Amino acid sequence: MPSPEERQEIFKIHINKRRRDAAKFDLEALASGSAEFSGAEIEEAVNSALYDAFYSKQELTTENIRTSLSQTVPLAKTMDEQISRLRSWAEGRARNASVPREAKKDGAVRRMEF
């Protein structure tokens, strides 16, 4: 699952993609309220909140998205056993996508985030 910083970035991407200014949203609160959510589930929460705001004739807010998150059970909970087995299998066999990597350039080690 994405780290808190990655979840903030995912929210930012999907809010901006829907032509809203992500700077007007509490991305930290959204990231903390989506601890077990995948990127696709975060995107769907933004979509759902946008529809709810539209039907209420309101502009999309952080609270709309938080409500959408609270009404969703992430797959990490509903499929906990399967995900645990997959994580066990992947340990030592696959690279973690959320781990910052280091790169050497001009003899200096620089931290790279993807």
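Excluded from the calculations below are hydrogen atoms, water molecules and symmetry mates; all remaining heavy atoms, backbone and side chain alike, are included. Keep in mind it's a predicted model, so treat the numbers as computed, not measured.
In this structure, Thr67 contributes its side chain and Glu63 its backbone to a donor-acceptor pair below 3.5 Å.
Distance check, rounded to the nearest 0.5 Å: CD1 of Ile15 to CG of Leu27 gives 5.5 Å. Atom CZ in Arg20 sits 10.0 Å away from atom CD1 in Ile65 (nearest 0.5 Å). For the atom pair OG1 of Thr62 and NZ of Lys24, the computed distance is 11.5 Å after rounding to the nearest 0.5 Å. Note: Ile42 CD1 to Asn47 CG = 12.5 Å, rounded to the nearest 0.5 Å. In this structure, the separation between CZ on Phe25 and CG on Asn64 is 8.0 Å, given to the nearest 0.5 Å.
Contact record, Pro4 with Ala31: O-CB, 3.5 Å, taken as the closest heavy-atom pair. Of all the heavy atoms in Ser32 and Ala29, the pair that sits closest is OG-O, 3.0 Å. Taking every heavy atom of both residues into account, Gln8 and Glu28 meet most closely at NE2-CA, 3.8 Å. Taking every heavy atom of both residues into account, Ser68 and Ala45 meet most closely at OG-O, 3.1 Å. When all heavy atoms of Leu60 and Leu50 are compared, the closest pair comes out as CD1-N, 3.7 Å. Residues Phe11 and Leu30 approach most closely at CE1-O, 3.5 Å, considering heavy atoms.
Within 6.0 Å of CD on Gln82 lie more than 12 heavy atoms contributed by other residues, nucleotides or ligands.
For the pair Gln58 and Asp52, the minimum side-chain heavy-atom distance is 4.5 Å or more. At least one side-chain heavy atom of Arg18 sits less than 4.5 Å from a side-chain heavy atom of Glu43. Ile10 places none of its side-chain heavy atoms less than 4.5 Å from the side chain of Phe37. At a threshold of 4.5 Å between non-hydrogen side-chain atoms, the residues Glu44 and Thr72 do not count as touching.
Ion pairing between a basic and an acidic side chain is recognised when a charged N comes within 4.0 Å of a carboxylate O; Glu41 and Arg7 show no such pairing.
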